[in-house]
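What you are looking at is a predicted structure, and each value in this text was computed from that prediction instead of being measured. In what follows, chains carry the letters A, B, and so on, assigned in the order in which the sequence lines appear, proteins first and then strands, with residues in each chain numbered from 1.
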Amino acid sequence: MKKLTTKRFLQTLSEMFPDAHCELNHRNAFELTIAVLLSAQCTDKKVNQVTERLFEKYKTPEDYLAVSLEELQEDIKQIGLYKNKAKHIQELCRMLLEQYNGEIPDKHEELVKLPGVGRKTANVIVSTWFGVPALAVDTHVERIAKRLGFCEETDTPLQVEKTLMKKIPKAEWTNSHHRLIFFGRYHCKAQNPQCAVCPLQDACPAFQRGLKKTKKTAIN
DNA sequence: CTCCCGATAT
DNA sequence: ATATCAGGAG
């Protein structure tokens, strides 16, 4: 099997998903932060369904602090992990008002101090909203990097991020991040990967190992 | 490492 | 019935 070069990988992704972008609906940095925080272990589609109502009711940090924790929990319950997320949102809003003049900071090191905001979420915020090159590694990016052999199977998300940043030019980090998400979400899916129609099949280590469970084989 | 957790796809 | 979903905190 021939080695999959970074160049071919990036070229293929750009052809498959030229318009890859952030699919979490938002109108400002504050809404983006809430949306990304809510998106942990949940689909973007469900987050958008909930935030459509949520962002009409809550427009400022003060709004989230004006209701009880229980009321906020009910408003985001469909997302899952709602007790932690509701608590994080209110504590995040309190910190924004007390330490950041009510505004979302534009620095990664400040963002990760916010409750419910870890490295991945901070990377999404700085790259998507503030235009700072970053490569957020979520469940999709990690899965793709490992299937295609860009990193070790046992690597942590941080190790995957460092490896990808070395292989991909800085100017392409944010684009590549979104294309990796689309590739993982719509093509190289966790449960039903489209190996049969994959342009990278010939150079995919996972496919060689027998990943191709795209169809049930007939019983002989 | 475990826990958080409802909705959806398979 | 089980796996997975734009993870983070303790």
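For the pair A:L81 CG and C:dG10 P, the computed distance is 15 Å after rounding to whole Å. We find that CG of A:L38 is positioned 13 Å from C1' of C:dG8, with the value rounded to whole Å. In this entry the distance linking CG of A:L32 with C1' of C:dA6 reads 11 Å, nearest Å. One can place CG of A:N192 at 13 Å from P of C:dC5, the figure rounded to the nearest angstrom. The OH atom of A:Y186 sits 14 Å away from the C1' atom of B:dT8 (whole-angstrom rounding). When the P atom of B:dC4 is taken as reference, atom NZ of A:K85 falls 14 Å away, rounded to whole Å. Going from atom CG of A:L111 over to atom C1' of C:dG7 covers 15 Å, rounded to whole Å. Separating the CG atom of A:N84 from the C1' atom of B:dT2 is a distance of 12 Å, rounded to the nearest angstrom.
Heavy-atom distances to DNA chain C give each of A:T43 and A:V117 a nearest nucleotide, and the one nearer the 5′ end belongs to A:T43. Where A:C42 and A:H88 meet DNA chain C, the nucleotide closest to each residue was compared, and A:C42 sits on the side nearer the 5' end. For A:K45 and A:Y82, each mapped to the nucleotide of DNA chain B holding its nearest heavy atom, the one lying further toward the 5' end belongs to A:Y82. Between A:I79 and A:K189, it is A:I79 whose nearest contact on DNA chain B lies nearer the 5' terminus.
Nearest to the side chain of A:A40, among C:dG7, C:dT4, C:dA6, sits C:dG7. Closest contact between the side chain of A:Q191 and the listed nucleotides B:dC4, C:dA6, C:dA3 involves C:dA3. Checked against C:dA6, B:dA7, B:dC5, the side chain of A:K120 finds its nearest nucleotide in C:dA6. Checked against B:dT10, C:dG7, C:dA6, the side chain of A:H177 finds its nearest nucleotide in C:dA6. Considering only the side chain of A:K83, B:dC4 comes nearest among B:dC4, B:dT8, C:dC5.
Between C:dA6 and B:dC1, the distance separating the two P atoms is 23 Å to the nearest Å. Here, B:dT2 and C:dA3 have their P atoms 15 Å apart, quoted to the whole Å.
In this structure, A:K46 reaches the B:dT8 phosphate: one of its side-chain N or O atoms is under 4.0 Å from OP1 or OP2. Using a 4.0 Å cut-off, no side-chain N or O of A:T121 falls inside it from OP1 or OP2 of C:dA6. Checking the phosphate oxygens (OP1, OP2) of C:dC5, a side-chain nitrogen or oxygen of A:R143 falls inside 4.0 Å. Between A:R185 and the phosphate of C:dA6, there is a side-chain N or O to OP1/OP2 separation shorter than 4.0 Å.
For A:F182 and A:H21, the gap between ring centers is short of 6.0 Å.
Relative ring orientation between A:F9 and A:F150 is described as tilted, the plane-to-plane angle lying within the 30° to 60° band.
Using a 4.0 Å heavy-atom criterion, one finds that A:Q41 contacts the bases of the nucleic acid, with or without backbone contacts as well. Backbone-only contact: A:L114 has heavy atoms under 4.0 Å from sugar-phosphate atoms and none from a base. Using a 4.0 Å heavy-atom cutoff across all strands shown, A:L37 reaches no nucleic acid atom at all.
A:D75 pairs with exactly one of A:R53, A:K57, A:K85 by the salt bridge (Lys or Arg N to Asp or Glu O under 4.0 Å) rule, that one being A:K57. With respect to A:E23, the salt bridge (Lys or Arg N to Asp or Glu O under 4.0 Å) criterion is satisfied by exactly one of A:K46, A:K45, A:R185: A:R185.
Judged by distance alone, the side chains of A:K162 and A:Q159 never bring a donor and an acceptor atom under 3.5 Å apart.
Between A:E56 and A:R27 there is a salt bridge, since a side-chain N of the basic residue sits under 4.0 Å from a carboxylate O of the acidic one.
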